[in-house]
Chemist: 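Next up is a structure, given as structure tokens.
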Amino acid sequence: MSTQIIPWEQLSAENLTRITEFLLLGFSNLREKQLVLFPIFLCLYLVILSGNITIVTVICLEHSLHIPMYFFLGVLSVSETCYTFVVLPKMLINLFSVLRTISFTSCAVQMFFFLGFGVTNCLLLGVMGYDRYAAICHPLRYPILMNWRVCRLFAATCGVSGFLISLVGTTLVFILPFCNSNKVEHYFCDISPVIHLACGDSYINEFVIFICGVLVLVFPLTFICISYGFIVSTILKIPSAEGKRKTFSTCASHLTVVVVHYGCASFVYLRPSRITSSKDQLVTVTYTIITPLLNPMVYSLRNKDVQIAIRKVITWGGFSHKTI
């Protein structure tokens, strides 16, 4: 029997059975353990929502946090709230559902928004790295380098670029014909498990998607590493140990999120889409649940400014101060 791949343009119409819905098989092999996963994931999702909402609210209400670093943190929190909303509610429903279907159109929409917010987060982390570089290495020029016009422009550019790249990736997947199995070995419509179901030759599509992944992950991460190289060099020149500790503490939270987010995303996306791994679902859980959870936890628990602002906002004195 021949296993030669036939270009999908050469497939006759009668040989194409149009798929109208996909079956999400993520976690289905766990059987009764799914009932245990549901309350765990639900609690984590509620913590993510409450944590990000708290950070955004505190940043908006507390004027001492109206600086570029917290502006980008607020934008990142909003983006990650939307990022998790695209995936987790459907995943929670599927943990209790027997028929875990998602329509063809809904699958494309889910992939578009998931990739859009995911790419936006990657670019925002790169911008936050530049913000720390400008603040520590060029403190006198910082108000000029990171004025509010520049901050808004950076945030808008991250969002627009994220969804343009997402549009390219999603289009390259869903212009392919799907005439084989409709069983997606994942708990949401991600690129690799969906394009794996496409008929015919999709190597050009996969190559373009891979190049987009390199642009989104490798370039910002390289930029962050270079920025922190200059930051470390500047910190080492600070004479007092206390000064070094305080300066680096402003970067520790960002570095923690960067390592987890880029590490997990690189494992899944910086390889040909047709290559799948049994570990993909576990790694994907990390950057769809753990990283969004880590962000508010790290920034609120490790950052004294945020801790003080939260205490001020949740007290009557803090609210009365805002209303005067």
Chemist: Under the side chain to side chain contact (heavy atoms under 4.5 Å, CB included) criterion, do Phe112 and Leu167 qualify, and how do the steps go?
Modeler: CA-CA 6 Å; Phe112 170 73; Leu167 180 62; 3.9 Å; yes

Chemist: Is the backbone of Ser106 close enough, under 3.5 Å, to the side chain of Ser103 for a donor and an acceptor to pair up by distance?
Modeler: yes

Chemist: In the structure I gave you, are the side-chain heavy atoms of Leu65 and Val58 within less than 4.5 Å of one another anywhere?
Modeler: yes

Chemist: Hey, does Thr20 have a side-chain heavy atom less than 4.5 Å from the side chain of Asn182?
Modeler: no

Chemist: Would you call the rings of Phe22 and Phe104 parallel, tilted or perpendicular, taking 30° and 60° as the class edges?
Modeler: parallel

Chemist: Per the side-chain contact (heavy atoms from CB on, under 4.5 Å) rule, which among Leu23, Ile102, Leu24 passes with Val184?
Modeler: Leu24

Chemist: Restricting to pairs with a member in residues 119-139, which pass side-chain hydrogen bond (donor to acceptor under 3.5 Å, both in side chains), not counting sequence neighbours?
Modeler: Ser79-Asn121, Asp131-Tyr142, Tyr133-His138

Chemist: Where is the tightest heavy-atom contact between Ser77 and Thr81, given as atom of each residue plus distance?
Modeler: O-OG1, 2.8 Å

Chemist: Please give me the minimum heavy-atom distance between Val194 and Cys107, naming the atom from each residue.
Modeler: CG2-SG, 4.2 Å

Chemist: Is there a donor-acceptor pair closer than 3.5 Å between any side-chain N or O of Tyr45 and the backbone N or O of Thr84?
Modeler: no

Chemist: When you group the ILVMFWY residues by side-chain heavy-atom contacts below 4.5 Å and let the links chain together, are Ile224 and Val232 in the same group?
Modeler: no

Chemist: May I ask you to check whether Phe163 and Phe117 place their ring centers less than 6.0 Å from one another?
Modeler: yes

Chemist: Within the side chain of Asp190, is there an N or O that forms a donor-acceptor pair under 3.5 Å with the backbone of Ser192?
Modeler: no

Chemist: If hydrophobic clusters are built from ILVMFWY residues whose side chains come within less than 4.5 Å, do Leu76 and Trp148 share one?
Modeler: yes

Chemist: Can you list the steps and then say if Tyr187 with Lys90 is a side chain to side chain contact (heavy atoms under 4.5 Å, CB included)?
Modeler: CA-CA 8 Å; Tyr187 59 89; Lys90 178 65 175 175; over 6 Å; no

Chemist: Could you tell me which non-hydrogen atom of Met146 sits nearest to which non-hydrogen atom of Ala134, and how far apart they are?
Modeler: CG-CB, 4.2 Å

Chemist: With sequence neighbours excluded, tell me which residues meet side chain to side chain contact (heavy atoms under 4.5 Å, CB included) with Val160.
Modeler: Leu164

Chemist: Does Phe113 share a hydrophobic cluster with Val78, counting links as ILVMFWY side-chain heavy atoms below 4.5 Å and allowing steps through other members?
Modeler: no

Chemist: If you group Ile, Leu, Val, Met, Phe, Trp and Tyr by side-chain heavy-atom gaps below 4.5 Å, do Val259 and Leu221 land in one group?
Modeler: no

Chemist: Does a sphere of radius 6.0 Å around CG in Leu46 hold more than 12 heavy atoms from other residues, nucleotides or ligands, not counting ones at 6.0 Å or beyond?
Modeler: yes

Chemist: Give the minimum heavy-atom separation between Thr234 and Ile136, together with the two atoms involved.
Modeler: CG2-O, 3.6 Å

Chemist: Gln110 side chain to Cys189 main-chain N or O, any donor-acceptor pair under 3.5 Å?
Modeler: yes

Chemist: Given side chains that start at C-beta, do those of Tyr262 and Leu125 come closer than 4.5 Å, heavy atoms only?
Modeler: yes

Chemist: Let's go through Ile195 and Ile209 carefully: what are the C-alpha distance in whole Å and the side-chain angles of both, what is the deciding distance for side chain to side chain contact (heavy atoms under 4.5 Å, CB included) to 0.1 Å, and is it a yes or a no?
Modeler: CA-CA 11 Å; Ile195 203 172; Ile209 291 172; 4.1 Å; yes

Chemist: Please report the closest heavy-atom contact between Val47 and Leu293, naming both atoms and the distance.
Modeler: CG1-CD1, 3.2 Å

Chemist: Please give me the minimum heavy-atom distance between Ser161 and Leu123, naming the atom from each residue.
Modeler: CB-CD1, 3.8 Å

Chemist: Please indicate whether Leu236 has more than 12 foreign heavy atoms, meaning atoms of other residues, nucleotides or ligands, lying under 6.0 Å from its CG.
Modeler: yes

